[in-house]
Amino acid sequence: MKQQFELAEQFIQHWQSLWGDAPNASSLDVPQARFDEAWQAYTQRLLGNYPFQHARYAGQMLKPPHPVAVLGYLTAMMINPNNHALDGGPPTSHMEKEVVQQFAAMFGLPQNTLGHLTGGGTVANLEALWVARCIHPNKKIAFSADAHYTHERMCAVLGIESVKIPCNTTGHMDLQALETALQAGDIGTVVFTLGTTGLGIVDPLADALDLQQQYGFRIHVDAAYGGFFALLKAEPDFKPARHFRAIAQADSVVIDPHKHGLQPYGCGCVLFSDPSVGQFYKHDSPYTYFSSEELHLGEISLECSRPGAAAGALWLTLRCLPLKADDGLGLILKACLKAAKDFYQLMQASEEWQVYTEPELDIVAYYPNLSHTKAVDQQSQALFDAAMNSPENPIFVSVYNMASERLVHRNPSLVADTPRCRILRSVLMKPEHERYTGALHEGLSTYLKVLS
Ligand SMILES: *Cc1c(COP(=O)(O)O)cnc(C)c1O
């Protein structure tokens, strides 16, 4: 890390020196003692974080950015370009266009795909739903019951009626239920989630293409979490591969580089296969600087100021860890898949555990093997607390709240004596997890023994 800071520092000094001496402003000076005190207080507070960098953290979708991304971000941040307009930062604006093209290629979308980075998956999805409304102003938007809650919320923000399509017991959108809903003739767009946030389940997009032919709806793919797994779409042993291949048929796609793309927060991306949707973003502002004839990113984005550093960090990362199946990010994702598979098998083979369903990506949901949902619910919560608060060997997992009925469908020996039941969930999104599944299984089993 020290080396990275030095590289950033060296470059910034060089960049500054190109522009000659500049005056100082003493109002910017901070007294040393005041700084020391503030820094002390700041770092003390930051110690209150969970160990997101460590394999023992297998809770939510959280991990620190790759050191290369940190270097890329830090260096550009010290310049602070604004990718709102090309003139706000020509180099990082061009980098943004290049990474968007790389994502389009990864998904098999057309070469002239229009897209841009966003503050995250929420805004990226908002933009896609907004464009969907521009194209089908009086039609509804459908998504599965397990889709991210942002879709329902953003439909409300946009004043669009939404339809929730039930999932089958494994958490996949039920295509029969979708067809029944489509028969009403008022659905303009269907959102398919490729990698649900809760369980990493991949909606059956490839199987829905016939329905699309028949009913002519717009396809939006929310691959905020799972998008990078498209790198593995030609791998014979990657089961959901064909659904990732079907993304090529989508009208819009969202992917979050700040989830599986090794980036710091503040990096989502939305793509549109038809570049003419850019017309909906048209605005006329006296503030924007127009020094070039090229399309300004600010003209195809709902957000105005956006960090050029985010584009720079992503660009540098993809140079070092390319979007390939057998190199760079592909190897990282394979390690995560392997971790999930191994962990699933270890849990599956243990008497004291039940697994909810076979993982499709790198998220595994499981629970103590007990007779009633009330007991499962209580034990899961107790285990979550005990594992996280242990001073010797803390393990961080997360809790997933689901309808007991669904659990019972998957595991008929379980009796539902509560309407809902909390179970446990582990997001194995760090390649380091590949070598930690044994310790994770053993640690959790030990806590379970102590509790029962
Ligand atoms: C994370 C996520 C979102 C929301 O994205 P943010 O980056 O948290 O704003 C939307 N959809 C899915 C499937 C996600 O996993």
Side-chain angles (χ1 to χ4, degrees), residues 52 58-65 69 73 99 103 107 115-132 141-158 160 162 164-165 167 171-173 189-205 219-230 240 243-244 246-247 250 252-271 301-303 306-307 310-311 313-314 333 336 340 359-365 398 400 425-430:
F52 305 128
Q60 304 287 0
M61 297 163 167
L62 285 160
K63 62 175 176 181
Y73 203 101
V99 295
F103 286 150
F107 290 127
H116 58 273
L117 300 180
T118 62
T122 304
V123 179
N125 276 303
L126 167 68
E127 294 198 20
L129 299 187
W130 170 68
V131 165
I141 293 181
F143 41 82
S144 93
D146 276 16
H148 197 283
Y149 69 88
T150 191
H151 294 288
E152 188 168 16
R153 183 190 268 175
M154 288 309 176
C155 282
V157 168
L158 292 163
I160 311 171
S162 62
K164 217 176 255 187
I165 308 297
C167 287
H172 297 87
M173 181 192 280
T189 302
V190 181
V191 178
F192 294 89
T193 306
L194 269 62
T196 55
T197 317
L199 300 167
I201 290 297
V202 177
D203 273 342
L205 177 60
I219 295 177
H220 171 57
V221 172
D222 181 1
Y225 186 68
F228 285 92
F229 287 95
H243 302 304
F244 284 93
I247 298 180
S252 53
V253 183
V254 162
I255 178 171
D256 258 355
H258 69 201
K259 282 193 183 135
H260 254 303
L262 310 170
Q263 299 307 298
Y265 284 114
C267 195
C269 180
V270 62
L271 303 164
S301 163
L302 286 187
E303 288 170 280
R306 291 173 316 120
L314 181 56
L333 295 172
C336 298
E360 288 193 295
L361 300 181
D362 53 1
I363 303 175
V364 187
S398 53
Y400 188 80
R425 157 180 176 268
S426 283
V427 177
L428 301 170
M429 71 180 313
K430 290 191 280 275

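In each ligand, atom 1 is the first atom listed, and ligand 1 is the first ligand listed. All residue numbers in this chain count up from 1 along the given sequence.
For atom 5 (O) of ligand 1, the closest non-hydrogen atom on the protein side is Gly121 CA, 3.2 Å. Scanning the protein heavy atoms around atom 2 (C) of ligand 1, the nearest turns out to be Lys259 NZ, 2.3 Å. The nearest heavy-atom contact from the protein to atom 9 (O) of ligand 1 is Thr122 OG1, 2.5 Å.
Paired with His116 under the rule side chain to side chain donor-acceptor pair (under 3.5 Å), one option of Arg306, Glu127, Glu303 passes, and it is Glu127.
Remark: ligand 1 and Thr197 share an N or O pair separated by less than 3.5 Å (distance only, no angle test).
Under a 4.0 Å criterion applied to the non-hydrogen atoms of Tyr225, ligand 1 contributes the atoms 15 (O). Applying the 4.0 Å criterion to heavy atoms of Asp222 picks out, from ligand 1, the atoms 10 (C), 11 (N), 12 (C), 13 (C). Residue His258 approaches ligand 1 through these ligand atoms, each under 4.0 Å from one of its heavy atoms: 7 (O). Near Asn125, meaning under 4.0 Å from any of its heavy atoms, are these atoms of ligand 1: 10 (C), 11 (N).
Heavy atoms of Asp256 found under 4.0 angstrom from ligand 1 belong exclusively to the side chain.
Side-chain N or O atoms of Lys259 include none that pairs as donor or acceptor with a backbone N or O of Gly226 at under 3.5 Å. One N or O on the side chain of Ser398 and one on the backbone of Arg425 form a donor-acceptor pair closer than 3.5 Å. Side chain of Lys63 to backbone of Met429: a donor-acceptor contact under 3.5 angstrom is found. A donor-acceptor contact shorter than 3.5 Å links the side chain of Asp222 to the backbone of Ala224.
The shortest distance between side-chain heavy atoms of Phe244 and Phe228 does not fall below 4.5 Å.
Of all heavy-atom pairs spanning Ala128 and Ser252, the tightest one is CB-OG, 3.8 Å.
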